Amino acid sequence: EATTVLQQAIRDTEGGTPAMAILLADVQMQQHHEIEAEQVLLSALDRFPTDESLYAVLLAIYQPADGGPSRLNNDVKRQVARLKTRLVRTIPNSRLAQLLRAGDLAADGQVDRAETILKSLLKDNPRDLEARQLLMQLYLRFGRRDDAEAFFQQMYAATPKDRDVLTMG
């Protein structure tokens, strides 16, 4: 069984790597062992507190991309808040921390500050799909249709065959 092999590999390598923990958690999630997957990831996060990928996977478990409820039965809101706080304190300049900060600022109505963060992320990586989507959502949510249109045109001009850009329009 894949779970047993991965668990042994993690033990044999004195805690494994973040990638090994993510792989094990993925297998456990597919087997509907959500609590075990969460524990594997939290344990790995204790060993590798600056590994952004572990935070990203945990947040995905707590907040599924499809918008549905978490498959975990614990207090997810509290877990998400704790994890976000830990991320921002531990690796405040990471991409994920910046995305979360932009989302929080937008939620507080601080649109200009959120926009600045997202544009900075896109300056560093123009193909950052999540930053693109958040910036477009920001513009649309706050009625800045001209900015949304200009942003779409800018992205389209830079990468006209990029499917992600085409789905933004």
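Just so you know, these numbers come straight off a predicted model, no measurement behind them.
The line from OG of Ser94 to CG of Leu100 is 8.0 Å long, rounded to the nearest 0.5 Å. Atom-to-atom distance recorded for Arg144:CZ and Leu138:CG is 6.5 Å, nearest 0.5 angstrom. Distance check: Lys123 NZ to Leu118 CG gives 15.0 Å after rounding to the nearest 0.5 Å. Note that the CG atom of Leu105 and the CG atom of Asp112 stand 10.5 Å from one another [nearest 0.5 Å].
When hydrophobic clusters are built by joining Ile, Leu, Val, Met, Phe, Trp and Tyr residues whose side-chain heavy atoms come closer than 4.5 Å, directly or via intermediates, Leu41 is grouped together with Leu87.
Contact check on Lys119 versus Glu115 returns a salt bridge, with a Lys/Arg side-chain nitrogen under 4.0 Å from an Asp/Glu carboxylate oxygen. Using a 4.0 Å cut-off between a side-chain N of Lys or Arg and a carboxylate O of Asp or Glu, Arg141 and Asp147 do not qualify as a salt bridge.
With respect to Leu45, the side chain to side chain contact (heavy atoms under 4.5 Å, CB included) criterion is satisfied by exactly one of Thr50, Val40, Asp51, Leu54: Leu54.
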Stepwise side-chain hydrogen bond (donor to acceptor under 3.5 Å, both in side chains) test for Thr3 and Gln31 = CA-CA 9 Å; Thr3 304; Gln31 296 172 343; 3.1 Å; yes
Phe151/Asp146 under side chain to side chain contact (heavy atoms under 4.5 Å, CB included): CA gap, chis, key distance, verdict | CA-CA 8 Å; Phe151 178 63; Asp146 291 343; over 6 Å; no
List the steps, then state whether side-chain hydrogen bond (donor to acceptor under 3.5 Å, both in side chains) holds for Glu38 with Gln79.
-> CA-CA 11 Å; Glu38 177 190 32; Gln79 288 292 89; 3.2 Å; yes
Where do Gln137 and Gln133 land on the side-chain hydrogen bond (donor to acceptor under 3.5 Å, both in side chains) test, with the steps shown first?
-> CA-CA 6 Å; Gln137 289 170 6; Gln133 290 172 334; 5.5 Å; no
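Listed by first and then second residue, the salt bridge (charged side-chain N to carboxylate O under 4.0 Å, His left out) pairs that reach into residues 80-97 are Asp46-Arg86, Arg95-Asp128, Arg95-Glu130, sequence neighbours excluded.
Val88 belongs to no hydrophobic cluster with other residues, because no ILVMFWY side-chain heavy atom falls under 4.5 Å from its own, directly or through intermediates.
Around atom CG of Asp108, more than 12 heavy atoms belonging to other residues, nucleotides or ligands sit under 6.0 Å away. The 12-atom threshold is not exceeded at CD of Glu14, counting heavy atoms of other residues, nucleotides or ligands nearer than 6.0 Å.
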